[in-house]
Number of protein chains: 2
Amino acid sequence: MKVEEALQILKEHGFKYTGKREEMIRICAAEKRYLSAKDIMERIKEQYPTLSFDTVYRNISTFVELGILEETELDGEGRFRLACSTDGHHHHHVICTECGKTSSLPGCPMNIISAVPEEFQVTGHKFEVYGTCKECVTHSN
Amino acid sequence: MKVEEALQILKEHGFKYTGKREEMIRICAAEKRYLSAKDIMERIKEQYPTLSFDTVYRNISTFVELGILEETELDGEGRFRLACSTDGHHHHHVICTECGKTSSLPGCPMNIISAVPEEFQVTGHKFEVYGTCKECVTHSN
DNA sequence: CCCTTAAATCGGATTTGTTCTTATTTGATC
DNA sequence: GATCAAATAAGAACAAATCCGATTTAAGGG
C-alpha cells in the first residue's frame, strides 16, 4: 500500500486530514518492518515534538480498523506495519524478532488445510514465521 | 500430556513438588482450552484461597519454559493450555476467541512451505486459526 | 474570509496485565 | 528434627494501552 492510498481510505471514511496522520503513515511506509507504538512516537518526534501518545495509539487503532496497518505482537507489545496484503494477494511473513524486519512468504496455509472442525465458525487466522535476520545475527555476535 | 508427566518433568529439572503447582496443572489439564492467568487464579481459589498472583505467574512461566504449558495471546493477555504437541506429533489449533476452547488441526504449514528467505535464521513459527465455537455462537445470539 | 461544528489532539490520570522486592514459609535432604 | 535452598505472600513497581476533560483544528457553509 502506498501513502496516498492510505490517505484516500481515510478520506473515504470521513476522517479528517492531519499532518500527524500523514507522517505516521509515511513513517510506517518507510520500512518493511513492524514498528512499536514507541518506535513511531520516536520517529515522529522530529517533526511533531509535542505529539501525545494518546494520539499515536488512537490513530494506530483507526489505521488497523481501516486495514491501513497490519498488527502483530512481539514481547507483549503491539507492532505495526503498512498493510501489504492488498498489494498483490494474501500472504504471510517471516518476522525478525529482534528488529521487526519482515520478508514475504508465498502462499497461505488456509488454502491447504483439509478441514477445520465444523463446530467452529472461522473468523481469521495467523501464520507467522519467526527468526533473526542477517543483520541482527551479525550484531549479536 | 498428563498431569503425572508434567510433575515428572518438574522433578527431573529439580523443581520442588507443591500442591499449588499440581493443582495449577490439574486445572489446565481439565479442559481443552486456553486459560488466562486470571482464569487459573479463579479456579485455584477454591482450594488455595490465599494464593498470590505472583505465584501463579511465576509458575506459569516455569511451566512454559519446561514445555508443560503452551502459550498464546488473546485480547492482549497471555493464555495457556497444557501442551499437547508432545502427545503425538507437532500440530496446531483452532481457537475460540470467546472462550479459548481449542480443536486440533492436522499438519503444519512449515512442512509445506517451499522456502524461507535465506537471510533469516528461523527460530519458530505460529499458526493459529481463530473462530467462534458452537457454544459461544449460540450464547451470543 | 469568517463561523460553526464535529473531529482531533493534549496532558495527565487511570487501568490492566505482569514483574519485582523483601520477608516469610515450606519441601527436600541429611 | 535441623538445615538450606526454593517457593510463596503481599504489595510495590512497571509498562503498555486506554480514558477523560479541556483545548485546538480541519472542513464545510454562509
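Within every chain, numbering begins at 1; the chains are lettered A, B, ... in the order of the sequence lines, protein sequences first and strands thereafter.
Side-chain N/O atoms of K16(A) and base N/O atoms of dA6(C) include a donor-acceptor pair closer than 3.5 Å.
For the 3.5 Å distance criterion, the side chains of D39(A) and S36(A) qualify, holding a donor opposite an acceptor. For E22(B) and Y17(B), the side-chain atoms include at least one donor-acceptor pair closer than 3.5 Å.
In this structure, T55(B) does not reach the dT8(D) phosphate: none of its side-chain N or O atoms is under 4.0 Å from OP1 or OP2. At dA8(C), none of the side-chain N or O atoms of R58(A) fall inside 4.0 Å of OP1 or OP2 (strictly under the cut-off). Regarding contacts with the backbone of dT18(D), every side-chain N or O of Y57(A) stays at 4.0 angstrom or more from both OP1 and OP2. The phosphate of dA8(C) (OP1 or OP2) has no side-chain N or O of K20(A) nearer than 4.0 angstrom. The phosphate of dA7(D) has OP1 or OP2 within less than 4.0 Å of a side-chain N or O from R21(B). Contact annotation: T18(B) side-chain N/O to dA6(D) OP1/OP2 distance is not under 4.0 Å.
Regarding D39(A), its CG atom lies at a distance of 13 Å from the C1' atom of dA16(D), rounded to whole Å. Rounded to an integer number of Å, the gap from M41(B) CE to dA10(D) P is 11 Å. Rounded to a whole Å, the CG atom of L7(B) is 16 Å from the C1' atom of dA28(C). Here dA17(D) presents its P atom at 9 Å from CD of E73(A), a figure rounded to the nearest Å. Regarding F80(A), its CZ atom lies at a distance of 12 Å from the P atom of dA16(D), rounded to whole Å. The distance between atom CG of L74(B) and atom C1' of dT16(C), rounded to the nearest whole Å, is 16 Å. Spacing between atom CG of L10(B) and atom C1' of dA7(D) amounts to 12 Å, rounded to whole angstrom units. Counting to the nearest Å, the P atom of dG17(C) and the CG atom of L35(B) are 15 Å from each other.
Axis angle between the ends of the helix from dC1(C)-dG30(D) to dC30(C)-dG1(D), five pairs each and rounded to 10 degrees, works out to 30°.
No engagement by G14(A) is indicated, since no non-hydrogen atom pair under 4.0 Å with the nucleic acid exists. Nucleic acid contact for T50(B): sugar-phosphate only, since backbone atoms but no base atoms lie under 4.0 Å from a heavy atom of the residue. Residue F53(A) is classed as a base contact, given a heavy-atom separation below 4.0 Å to a base.
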Item checked: Candidate pair C108(A) and H125(A), rule side-chain contact (heavy atoms from CB on, under 4.5 Å), full reasoning -> CA-CA 10 Å; C108(A) 169; H125(A) 68 280; 3.5 Å; yes
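For the pair D75(B) and D54(B), nearest-nucleotide mapping onto DNA chain C gives the more 5' position to D75(B). Along DNA chain C, the nucleotide closest to R79(B) and the one closest to G19(B) are compared, and the more 5′ of them pairs with R79(B).
Under a hydrophobic clustering in which Ile, Leu, Val, Met, Phe, Trp and Tyr are joined whenever their side-chain heavy atoms come within less than 4.5 Å, directly or via other members, V122(B) and I113(B) fall into the same cluster.
In terms of modelled atom types and a separation under 3.5 Å, the side chain of R21(A) and the main chain of K16(A) share a donor-acceptor contact.
Judged as a side-chain contact (heavy atoms from CB on, under 4.5 Å), and not counting sequence neighbours, the contacts of E4(B) are K2(B), R26(B).
Listed here is the closest heavy atom pair of P117(B) and S103(A): CG-OG, 3.2 Å.
Of the listed nucleotides (dA26(D), dG11(C), dT18(C)), dA26(D) has the atom at the smallest distance from the side chain of Y17(A).
Residue T102(A) is tested with E70(A), E31(A), R79(A), R81(A) for a side chain to side chain donor-acceptor pair (under 3.5 Å); the sole match is R81(A).
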